[in-house]
Amino acid sequence: MLLVDFLREVLKLTGTHVGCDTSNCGACTVIMNGRSMKSCTWLAVAADGQEILTIEGLAQDEKLHPIQEAFWENHGLQCGYCTPGMVLSAFYLLSKIPQPTEFEIRRGISGNICRCTGYQGIVDSIGKVPEKVETKDPGS
Ligand code: FES
Ligand code: FES
């Protein structure tokens, strides 16, 4: 069983999406041990004992994470299918580069495909996160 199927079908964490099953689209992106990865590329058993963050774990105390807020406020999504993967790729990017340039943002989400082609809104949203978090670490 693939990790993405385990998350969705066994744990019922359906925020992680399946767009291709061939490691191309990034809809299945999760954070494993602090690094973004495509959960359709791993067997669930290989992830046993690893620390995994899915989109369900991002909001805290019923408050959206700053990245989620930025997507909300800056039209970072259309249908929303790619959004969990985009948000988690942004989470990883911002944990490594707290104030990324547009080029770094585009490179950071280059493994994620949006079928609505809403890339400009996504890039703008991620670019607004540093202002929102100010001194707060977006990776925390
Ligand atoms: S479902 Fe994993 S990359 Fe598309
Ligand atoms: S918002 Fe529809 S796939 Fe990206």
Side-chain angles (χ1 to χ4, degrees):
M1 174 177 271
L2 297 174
L3 176 58
V4 67
D5 295 327
F6 184 79
L7 292 170
R8 290 179 54 83
E9 294 169 21
V10 179
L11 300 182
K12 307 298 183 193
L13 295 173
T14 54
T16 303
H17 292 163
V18 182
C20 66
D21 250 350
T22 54
S23 90
N24 286 304
C25 76
C28 64
T29 301
V30 298
I31 305 294
M32 181 187 287
N33 299 330
R35 300 194 61 169
S36 63
M37 54 87 71
K38 294 177 176 176
S39 59
C40 73
T41 64
W42 276 66
L43 294 175
V45 69
D48 188 28
Q50 309 306 308
E51 184 176 317
I52 296 172
L53 172 68
T54 68
I55 194 69
E56 287 87 351
L58 214 51
Q60 296 290 319
D61 301 324
E62 299 189 7
K63 188 170 181 340
L64 292 177
H65 187 280
I67 300 172
Q68 294 171 306
E69 282 181 1
F71 272 67
W72 174 285
E73 293 167 358
N74 296 283
H75 198 59
L77 61 143
Q78 294 182 52
C79 81
Y81 200 84
C82 71
T83 308
M86 287 287 186
V87 167
L88 288 173
S89 287
F91 179 92
Y92 176 66
L93 170 68
L94 292 164
S95 74
K96 296 295 171 196
I97 307 174
Q99 302 210 359
T101 63
E102 179 169 342
F103 174 78
E104 288 168 332
I105 293 171
R106 289 186 180 275
R107 188 175 57 189
I109 60 167
S110 61
N112 297 74
I113 292 172
C114 176
R115 63 186 173 184
C116 301
T117 65
Y119 293 101
Q120 190 59 53
I122 294 167
V123 170
D124 291 346
S125 298
I126 297 170
K128 294 285 185 189
V129 176
E131 291 173 25
K132 296 183 71 63
V133 300
E134 296 176 346
T135 55
K136 186 166 175 277
D137 178 3
S140 65

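Every number for a ligand or one of its atoms is a count from 1 in the order of the listing. If you read the sequence from its start, that first residue is 1, and numbering goes on from there.
A salt bridge is defined here as a Lys NZ or Arg NE, NH1 or NH2 lying under 4.0 Å from an Asp or Glu carboxylate O, and Glu69 with Lys63 meets this definition.
Counting all heavy atoms, side chain and backbone alike, Ala44 lies closest to Phe6 at CB-CB, 3.6 Å. Taking each heavy atom of Gln68 and Ile55 in turn, the nearest pair found is NE2-CD1, 4.0 Å. Minimum interatomic distance between Asp21 and Cys40 (heavy atoms only, all atoms of both residues): OD1-CB, 3.8 Å. Leu64 and Ala59 make their closest contact through CA-CB, 4.1 Å (heavy atoms, listed as atom of the first residue, atom of the second, distance). For Ser23 against Lys38, the heavy-atom pair with the smallest separation is O-NZ, 3.2 Å. Between Gln78 and Thr117, the shortest heavy-atom distance links the atoms NE2-C, 4.2 Å.
Atoms of ligand 1 found under 4.0 Å from any heavy atom of Cys25, numbered from 1 in the order shown, are 1 (S), 3 (S), 4 (Fe). Residue contact check: Cys28 has heavy atoms under 4.0 Å from atoms 1 (S), 2 (Fe), 3 (S) of ligand 1. Remark: ligand 2 atoms within the under-4.0 Å shell around heavy atoms of Arg115 are 3 (S). Close approach of ligand 2 to Cys82 (heavy-atom distance below 4.0 Å) involves ligand atoms 1 (S), 3 (S), 4 (Fe). Within ligand 1, the atoms closer than 4.0 Å to a non-hydrogen atom of Asn24 are 3 (S), numbered from 1 in the order shown. Applying the 4.0 Å criterion to heavy atoms of Gly19 picks out, from ligand 1, the atoms 1 (S). Near Ser23, the atoms of ligand 1 lying under 4.0 angstrom from a non-hydrogen atom of the residue are 3 (S). For ligand 2, the atoms lying closer than 4.0 Å to a non-hydrogen atom of Gly80 are 1 (S), 2 (Fe).
Contact annotation: Gly118 has no heavy atom less than 4.0 Å from any atom of ligand 2.
Counting heavy atoms from C-beta on, the side chains of Leu53 and Phe91 come closer than 4.5 Å. Ile109 places a side-chain heavy atom less than 4.5 Å from the side chain of Val123.
Taking 2.8 Å as the criterion, Cys20 does not count as a coordinating residue of atom 2 (Fe) of ligand 1, since none of its N, O or S atoms falls below it. At least one N/O/S atom of Cys114, from backbone or side chain, sits under 2.8 Å from atom 4 (Fe) of ligand 2. Atom 2 (Fe) of ligand 2 has an N, O or S atom of Cys79 closer than 2.8 Å. Atom 4 (Fe) of ligand 2 does not have Cys116 among its coordinating residues (no N/O/S atom, backbone or side chain, under 2.8 Å).
From the protein, the heavy atom lying nearest to atom 1 (S) of ligand 2 is Gln78 N, 3.2 Å.
Looking at Thr29 against ligand 1, nothing comes within 4.0 Å, counting heavy atoms.
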(request) Please step through side chain to side chain contact (heavy atoms under 4.5 Å, CB included) for the pair Asn112 and Cys82, ending with a clear verdict. (result) CA-CA 7 Å; Asn112 297 74; Cys82 71; over 6 Å; no
